Amino acid sequence: MGRLFDFMLPDNQSPLTADSTDGLFHFITEVSFILLVGITIALIYFAIKYKRKSEDDETPLITHNNTLEISWSVIPLLITLVIFGWGYSGWLNLRSVPDDAYEIHVNAFKWNWGFNYSNGAQTLNELHVPKGRPVKLVMQSRDVLHSFFVPDFRVKHDVLPNRYTYVWFQAEEAGEAQIFCTEYCGTSHSNMLAKVIIHEPDEFETWLETNGGGVSGSPVEQGEQLVSLQGCKTCHSLDGTKIIGPSFKGLFGKQETLSDGSTVTVDENYIRESILNPGAKVVQGYDNVMTPYEGRVSDDEISNIIEYLKTLK
Amino acid sequence: MAVAETKNLTTLQVKRFKPSDNPTNTYLTDEKGLWAWMTTVDHKKIGLMYLGAVAFFFALAGFLALALRTELWTPAKTFIEADTYNQLFTLHGAMMVFFVLVPSIPAALGNFVLPMQLGAKDVAFPRLNLASFYIYVFGAIFTFISLANNGFDTGWTFYTPYSSDANSAGVIWVTLGVFILGFSSILTGTNFITTIHKLRAPGITWGRLPLNIWALYATSIIQVLATPVLAITILLLSMENIMDIGIFDPALGGDPVLYQHFFWFYSHPAVYIMIVPGFGIISEVITTFSKKHIFGYWAIALSSLAIAFIGFLVWGHHMFTSGQSSVATTVFSFLTFLVGIPTGIKILNWVATLYKGSIDMKTPMLYVFVFLFLFTIGGFTGITLGALSVDIHLHDTYYVVAHFHYVMMGGTLMALLAGLHYWWPKMTGKMYNETLGRISAVLIFIGFNTTFLPQFVMGAQGMPRRYYNYIDQFTIFHQTSTIGSYILGVAFLIILYNLMKSLINGEKAPANPWNSRGLEWQATSPPDFHNFDHTPVIIHGPYDYHQPMEEFQLGLAVSHNGHGDHHEVTTDETEKA
Ligand code: HEM
Ligand SMILES: [Cu+2]
Ligand SMILES: [Cu+2]
């Protein structure tokens, strides 16, 4: 059914979470629109009808009218109570995850979305989900506040560093949906985007299996994959350009000037410290914005990353 | 003639005072020179100094807004870097809120008209009033120090833990500035409350208080009660930043959601500090230009107070997605609807006031009409945002940006412009060009809607706020919005030109150019240093347009040199001059 304000809302790809929201959005917007038109017509009509004729115009003394006053308090009150109830039930639904939901863990950090699946598969800035099955995201931030928002599903929740939060949805069409970060988190907040990739159920199983093994190959190959998977490339280029952080090109072995003016040679230990605790030594000319990877990457993974960085001459 | 009611009334000797249209001695000629202005305790001059400061910050923040809109012409970089954009929107928001809207109506226009509407010579504590102004200036200086210290890019909300990052020198300076500014706000509020209680001229009962005074009264209560909480919040934030005491930052064992509670406990009421005084102006202007008694005096007066009190209980509606408790979320949503009702009541009462009036579409009235239209949209979209499930979708998108611009700019700023044009002749003794005034109002209306209507649509479609970059599908909305902002810019330049030109060669203003029944119009334009050269005596309410003008031009026949006790007035013995 076409509705007056349909053009305002994006696609609805998760009816179980979106339908109630959309219904209420249309209800409020339509009622408001009617009232606004009413008020506007009254304003214009009065302005024309009672236009001042002369400076000596006399006006009647009308001080108040209790019936009017009560009706335009009580009627809006009743309408808003309906809106409250409707909004509340829709919201309860958004907070009540179906029992059979498939769980995926989300870790947000400047300026990436990491997703961990039940079989150990990991993705960065791509959330793979099966169609027609409820999905629950358990989310945590590794630095500041972020907020997970998928307009097409009508779900949003802040992602906090000190507690888990969750959202759920059930996508009904294979395809893609946009993920935004909606809590301001610094320089590249507006680039903290990701995609939901909605698979047919069997296709999803295949995808999980092929990606379940994590990184593989020689240490350098593994390091290369890790640098992508861990979001390093959001801030470090491989070709010498300066983005948020220094480029990885030619990094190993070079003399680095730190913010306090001292210099260090980039060796294994320095890189290890830079990954685990980047605030300890901050490179001159850069802000201390790198999220610590303490607890996020294992010793072996760090070694592999280092081996890979050595190859970037 | 009113008949005296019995019961121990003091009988006053009352005389008619018709204000001169050609005053020789006014507050502008009384003391001259920079020093006299800087040390003045005259509420009118202090009001003007606030007006100047507010206009300065508005111009600055408005200019930044144009820069922001220009940057948003294309996705990614148009002409400034992401970090610069982030600093600019923070500065724009913080200045508009703390330096422009909070002090604008109460401290600038309110300072000027409040004592006059009460028939007083000044506010209760004139020196404190001057002190408030300097505290305001002092607080503003801190912001500029902050800009010199790396600036700040946290958004005007200073959410932790982002704001407690290592680079927090800029944040510390600006939050201290806001902290200091708070005192200015508290002092003005205290001053106004005292003045309203103690300095009303004989005959101004609570039932004859102009609605502008009721609005300022409600505002002052919020200022006095809410601002200290902001101060505490900022102190805690600074303690965390400077001394590493964990309060809000999880890395130190604090809780970021706690910060949000603290912040909005002030900042939601602050929204009412910004809008309620606007309501007062609307009531004054709409009655004057429709020559009609206000409809629902008590409904409007008391709804301001209701808003002031319920407004304290809804802060959590900014935190529906934050991870606050479910019970809190439910209660806050419910209360949010309750606070919407008194606001709706006001709008309907204003519209009803026009019924059978004698409507003169002068510039101030045009701004009132613009206000009624825009603010109604702001209010309705507030209801949309108060609905839990819908807010989950709309929170932190451009829908919210559009909503608060409709409320703050479409509401408060339109009211301010209405009031500025309404009282300009009183403040300066000069008339501005009416045609230019009307053109600017129409241009603002067009520019405003072009700028902000598209933002509702892109917001509902998912465009998040505080975004430097955006995905291509939103380009058309952003570009329309940017064009609208240029129209707005032009409109403001016209207003500036019109008002400045009136100072140089504007027509001389008579004492009461709009034939208002308001007491402030019974002083000369511009007023005498002590506002009235007699103690005014009031026997009718400020909206009694059915009573003849002579009965509004009364004063004590024998000056009591001060305003003394509040007598009930009998006019049986009125001597007509
Ligand atoms: C009374 C007038 C105004 C007030 C009180 C006001 C207030 C605000 C506030 C509080 C913010 C939020 C800043 C933040 O999120 O930290 C903001 C953002 C913004 N305002 Fe205004 N504003 C006003 C006028 C304008 C005008 C005239 C324009 C356009 C020409 C404008 C354009 C913007 C833009 C582009 C943003 C940034 C939105 C974003 O990136 O999220 N504002 N304003
Ligand atoms: Cu973000
Ligand atoms: Cu609020």
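Order of the sequence lines fixes the chain letters, A, B, ..., with proteins taken first and strands second; residue numbering starts at 1 for each chain. Since we're looking at a predicted model, the values are computed, not measured. Scope of the values below: all heavy atoms of this structure, side chains included, with no hydrogens, waters or symmetry mates.
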With a 4.5 angstrom heavy-atom cut-off, could you sort out which part of [X] is near chain A: side chain, backbone, both or neither?
X: B:Asn349; result: both
X: B:Thr160; result: backbone
X: B:Thr329; result: side chain
X: B:Tyr399; result: side chain
X: B:Gln260; result: side chain
X: B:Ile347; result: side chain
X: B:Ile392; result: both
X: B:Asn515; result: side chain

Is a donor from one side chain sitting under 3.5 angstrom from an acceptor on the other, for [X] and [Y]?
X: A:Thr182; Y: A:Ser147; value: yes
X: B:Thr384; Y: B:Thr381; value: no
X: A:Asp19; Y: A:Asn12; value: yes
X: B:Asp249; Y: B:Tyr162; value: no
X: A:Asn191; Y: B:Tyr468; value: no
X: A:Thr187; Y: B:Asp83; value: yes

Below 4.5 Å from any heavy atom of chain B, which atoms of [X] appear? Answer side chain, backbone, both or neither.
X: A:Leu145; result: both
X: A:Ile48; result: neither
X: A:Asn65; result: both
X: A:Phe153; result: neither
X: A:Phe84; result: both
X: A:Leu92; result: neither

Separation between OH (B:Tyr543) and CD1 (B:Ile286), nearest 0.5 Å, reads 11.0 Å
So how far is it from A:His157 NE2 to A:Tyr166 OH, rounded to the nearest 0.5 Å?
7.5 Å
Could you tell me whether a side-chain N or O of B:Glu71 sits under 3.5 Å from a main-chain N or O of B:Ile80, the two making a donor and an acceptor?
yes
Applying salt bridge (charged side-chain N to carboxylate O under 4.0 Å, His left out), which residue pairs with at least one partner in residues 53-63 of chain A are found, sequence neighbours left out?
A:Arg52-A:Glu55
Heavy-atom pairs under 4.5 Å with chain B, option from [options] with the top count:
options: A:Ile62, A:Leu24, A:Leu160; answer: A:Ile62
options: A:Ala42, A:Gly90, A:Cys181; answer: A:Cys181
options: A:Ser188, A:Pro151, A:Ala47, A:Ala18; answer: A:Pro151
options: A:Ser190, A:Gly85, A:Ser54; answer: A:Ser190
options: A:Glu183, A:Lys49, A:Arg95; answer: A:Glu183
options: A:Val31, A:Thr63, A:Thr21; answer: A:Thr63

Residue among [options] with most heavy-atom pairs under 4.5 Å to chain A:
options: B:Gly296, B:Gly379, B:Ala251; answer: B:Gly296
options: B:Ile377, B:Ile294, B:Asp255; answer: B:Asp255
options: B:Tyr297, B:Phe334, B:Phe289; answer: B:Phe334
options: B:Val257, B:Thr376, B:Ile345, B:Ile383; answer: B:Ile345
options: B:Pro342, B:Pro256, B:Ala82; answer: B:Pro256
options: B:Gly462, B:Ala299, B:Ser389; answer: B:Ser389

How about OH on B:Tyr355, more than 12 heavy atoms from neighbouring residues, nucleotides or ligands closer than 6.0 Å, or not?
no
Please say whether more than 12 non-hydrogen atoms of neighbouring residues, nucleotides or ligands are located less than 6.0 Å from NZ in B:Lys356.
no
Heavy-atom check, side chain of A:Val106 versus side chain of A:Val138, under 4.5 Å
no
Tell me the side chain to side chain donor-acceptor pair (under 3.5 Å) pairs involving residues 30-42 of chain A, sequence neighbours left out?
A:Arg3-A:Glu30
Decide whether a cation-pi geometry holds between B:Arg465 and B:Tyr398; the criteria are a distance under 6.0 Å from NZ or CZ to the six-membered ring centre and an angle within 45° of the ring axis.
no
